[in-house]
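Within every chain, numbering begins at 1; the chains are lettered A, B, ... in the order of the sequence lines, protein sequences first and strands thereafter. Side-chain atoms are counted along with the backbone in the values below, which use heavy atoms only and exclude waters and symmetry mates.
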There are 2 protein chains.
Amino acid sequence: MDKSNHKTDEDEAETGRPTLKTLAFMTGLGVTTVSRALKDAPEIGAETRKRVQLVARQIGYRPNRAGVRLRTGKTNVISVVLNTTEQIGGFLSDFIYGISERLAATPYHLVVAPYSHNNDPMEPIRYVVETGSADGIIISRTQPDDPRVRYLTERGFPFAAHGRTAMGIEHAYHDFDNESFARLAVRRLAELGRRRLALLAPPTALTYHQHMRSGFLDEIDRNGLSEVPFSSVSSDNVIDDIRRQTIELMRRTGRPDGIVCGAGGPTFALIAGIEAAGFKLGRDVDLVAKEPFNLLQLVRPEIHVVEEDFRLAGHDLATAVLSRIDDRSAAPMQRLVVPGAVIAPR
Amino acid sequence: MDKSNHKTDEDEAETGRPTLKTLAFMTGLGVTTVSRALKDAPEIGAETRKRVQLVARQIGYRPNRAGVRLRTGKTNVISVVLNTTEQIGGFLSDFIYGISERLAATPYHLVVAPYSHNNDPMEPIRYVVETGSADGIIISRTQPDDPRVRYLTERGFPFAAHGRTAMGIEHAYHDFDNESFARLAVRRLAELGRRRLALLAPPTALTYHQHMRSGFLDEIDRNGLSEVPFSSVSSDNVIDDIRRQTIELMRRTGRPDGIVCGAGGPTFALIAGIEAAGFKLGRDVDLVAKEPFNLLQLVRPEIHVVEEDFRLAGHDLATAVLSRIDDRSAAPMQRLVVPGAVIAPR
DNA sequence: TGGCAAATCTGTAACGTTTCAGTATATTTG
DNA sequence: CAAATATACTGAAACGTTACAGATTTGCCA
């Protein structure tokens with residue numbers, strides 16, 4: 001008799017994954033009631049609420065993300081936008097782990113949106129905002145005047161940045177205090193009696209280039225030291241370029257006797273370059289480097305190291321963007337991590 | 001007069017993000033026709049198809065993922081399941097980049113699902129399958145008898161594994177030929193006149209432990225060398241444990257004069273341990289290590305290195321799982337990457 | 001000319017969820 | 001005691017998409 005393709009309630013109760021309808025059938029309530037009961041709405045009787053929640057737990061009900069998303073627009077997704085041509089040596093793993101650890105206890109999923117160097121960094125940002133494919137965004141490689149920050153702020157889209165900006169916009173960020181790092185590094189080199197210092201800085205476009213550079217310059221000044229310019233490469237360059245340019249640097253007449261390096265991978269190239277030019281680390285020149293995990297010092301104990309924790313950064317940024325989503329008018333989390341001491345050679 | 005809260009066609013055309021309805025209004029066609037036209041269905045006139053597609057492109061129509069997902073069950077998501085307690089030194093960045101590069105030109109998003117060491121590795125897998133939150137899964141740290149592989153295979157869920165299994169199941173994988181790596185390494189050490197070799201292997205639970213170990217043992221045999229057991233640690237151990245155990249190893253009476261190491265981070269610890277015990281690399285003992293990016297050799301040129309490309313692995317696995325989704329009955333992609341030559345000290 | 005097939009297009013229903021506008025029953029109030 | 005109000009629940013509609021089962025038009029053949 002029943003030629004329709006409507007599912008009956010009983011069908012519903014038997015088949016595959018449970019939905020609100022399944023729950024409604026099992027409890028004898030309406031779908032609406034079940035929905036409200038699951039989110040502890042006050043207009044549902046206490047006893048009914050308990051009952052629905054019990055049954056839901058028993059049969060392992062999980063809300064259908066697509067259904068929620070379609071109806072409410074809420075995606076329960078955080079998107080982290082990464083540059084795939086990023087520095088080798090990969091602090092990125094820890095960064096991502098930090099984020100996902102934070103997200104693990106929440107209903108949020110983490111999606112990784114890449115862009116390559118030749119592409120527009122705005123592209124993935126626009127995509128996410130225009131298609132509403134995430135509730136929040138985490139960006140890195142922040143610039144002083146960052147179009148992404150402007151764009152996201154203008155639209156009131158929740159985000160957090162790894163690094164600060166300088167455009168008078170109050171936004172959530174987590175940053176490592178690279179100015180202090182540079183100061184610590186210079187001070188250490190001064191203590192070692194070094195006089196002519198070079199800095200292998202991040203690319204000029206990034207905000208923390210300025211920070212690191214100004215800390216470096218100011219502290220050089222205070223200690224009566226001089227700078228040996230080394231701007232032909234940045235820590236973004238490929239390893240081999242850095243190595244070559246370091247050889248170049250060391251062969252100059254006014255070569256440095258101390259070098260500060262703000263990134264992990266490039267430090268390897270620096271050392272290789274110094275030695276290829278015939279100089280000895282610790283004798284002719286000292287090196288203070290920033291490293292995510294202190295591996296380098298295991299094999300080259302003569303270098304000085306400051307650690308930077310990227311897992312913490314990920315964790316922080318996830319927290320920041322979540323609280324941003326939760327309440328867009330709340331004050332954005334802004335955390336500046338001060339570097340620990342410079343770890344000396346053993 | 002119109003007190004309903006129905007949106008009229010004109011409303012639709014003005015407001016926010018375009019949908020099929022917007023397109024239908026603009027072209028004067030039905031929603032169904034537009035939907036079919038956009039996917040080049042044959043029953044839509046050629047001219048209409050062109051027209052619809054043109055308009056869609058003009059106004060930047062993007063299908064609503066939640067709509068598609070709710071209706072079809074297709075998520076357009078690939079989930080990569082990672083162990084967050086994974087080895088420091090992070091080859092993971094490259095792995096993830098490899099995947100997302102491959103996915104960039106497709107409609108697929110990449111979501112990272114973590115699990116920590118004390119948690120059940122099956123948990124994220126079950127979650128994805130039960131909630132249908134992805135169309136395919138990429139797993140790593142594959143075991144000879146891997147419950148995840150069994151589970152996914154039983155349910156016909158598309159996946160690809162970084163590493164092989166040994167349970168008579170034909171599944172998609174990408175693997176580095178660690179047996180060949182170990183052979184190459186041993187051969188190199190034999191050529192250098194080394195006689196007593198040790199192997200710092202991966203954890204015994206993982207499939208490639210067997211591969212590496214059997215290659216190592218067999219090649220030792222062929223070359224008339226002997227093994228110095230070194231099973232107190234695996235490459236999964238924390239850096240400091242490896243360093244300590246290496247000191248231990250080197251202080252034994254029958255200490256090795258050659259060591260093979262199958263992972264990047266641990267090699268640093270090995271070197272530190274060897275030297276802490278008072279021995280000199282290249283003189284007392286030689287080291288052949290596998291490294292994702294050849295950074296180590298820059299600062300310790302006396303070691304021998306084989307490179308392993310994790311970006312390629314990611315790319316491959318993404319391809320594999322996509323083709324699996326595309327056609328579940330097609331033969332699974334199975335790729336074994338043979339190691340390149342051992343890079344000698346310079 | 002009538003009939004039939006092919007070509008092209010369309011409306012309805014459904015996926016699972018939440019919101020809106022109720023309804024029915026019990027309880028209080030004047 | 002009627003009316004107002006509070007309590008507990010419910011059906012219908014909508015989010016954007018696609019599958020299904022038509023509907024309309026055109027061209028062709030007997």
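Nearest heavy atom pair, residue A:R141 against residue A:L206, reads O-CD2, 3.6 Å.
A sub-4.0 Å separation between OP1 or OP2 of C:dT18 and a side-chain N or O of A:S35 is present. OP1 or OP2 of D:dT18 has not a single side-chain nitrogen or oxygen of B:T32 nearer than 4.0 Å. One finds no side-chain N or O of B:T72 lying less than 4.0 angstrom from the OP1 or OP2 phosphate oxygen of D:dT18. Under 4.0 angstrom from either OP1 or OP2 of C:dT18 there lies at least one side-chain N or O belonging to A:K39. The phosphate of D:dC9 has OP1 or OP2 within less than 4.0 Å of a side-chain N or O from A:T48.
Across the interface with DNA chain C, nearest-nucleotide mapping of B:R36 and A:P63 shows B:R36 to be the residue nearer the 5′ end. Nearer to the 5' terminus of DNA chain C, by closest-nucleotide assignment, is the contact made by B:G67 (compared with the other of B:G67 and A:R71).
At the heavy-atom level, B:L20 lies under 4.0 Å from base atoms of the strands shown. In this structure, A:G30 reaches the sugar-phosphate backbone alone: every heavy-atom distance under 4.0 Å involves primed, P, OP1 or OP2 atoms, never a base.
Rounded to whole angstrom, the span from the CZ atom of A:R65 across to the C1' atom of C:dC15 amounts to 17 Å. Between the C1' atom of D:dG11 and the CG atom of A:L29 lies a distance of 14 Å, rounded to the nearest Å. One can place CD of A:E43 at 16 Å from C1' of D:dT5, the figure rounded to the nearest angstrom. The NZ atom of B:K50 sits 13 Å away from the P atom of C:dC9 (whole-angstrom rounding). For A:K74 and D:dC15, the NZ to C1' distance is 17 Å, given to the nearest whole Å. Between the CG atom of B:L23 and the P atom of C:dT10 there is a distance of 13 Å, given to the nearest Å. With rounding to whole Å, A:D40 atom CG is found 16 Å from D:dA8 atom C1'. Going from atom CZ of B:R69 over to atom C1' of C:dT17 covers 13 Å, rounded to whole Å.
Side-chain N/O atoms of A:H171 and A:T165 include a donor and acceptor closer than 3.5 Å.
Side-chain proximity of B:K21 to D:dC15, C:dT10, D:dT18: nearest is D:dC15. The side chain of A:N64 lies closest to C:dT17 when the candidates are C:dT17, D:dT18, C:dC9. Looking at the side chain of A:I44, the nearest of the listed nucleotides D:dC9, D:dG16, D:dT17 is D:dC9.
Not one N or O on the side chain of B:T48 forms a donor-acceptor pair closer than 3.5 Å with the backbone of B:I44.
Taking the six-membered ring for Trp and the full ring otherwise, the centers of A:H162 and A:F95 sit less than 6.0 Å from each other.
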Evaluate side-chain contact (heavy atoms from CB on, under 4.5 Å) for A:T142 paired with A:Y173, printing each intermediate quantity in order.
CA-CA 10 Å; A:T142 311; A:Y173 66 78; over 6 Å; no
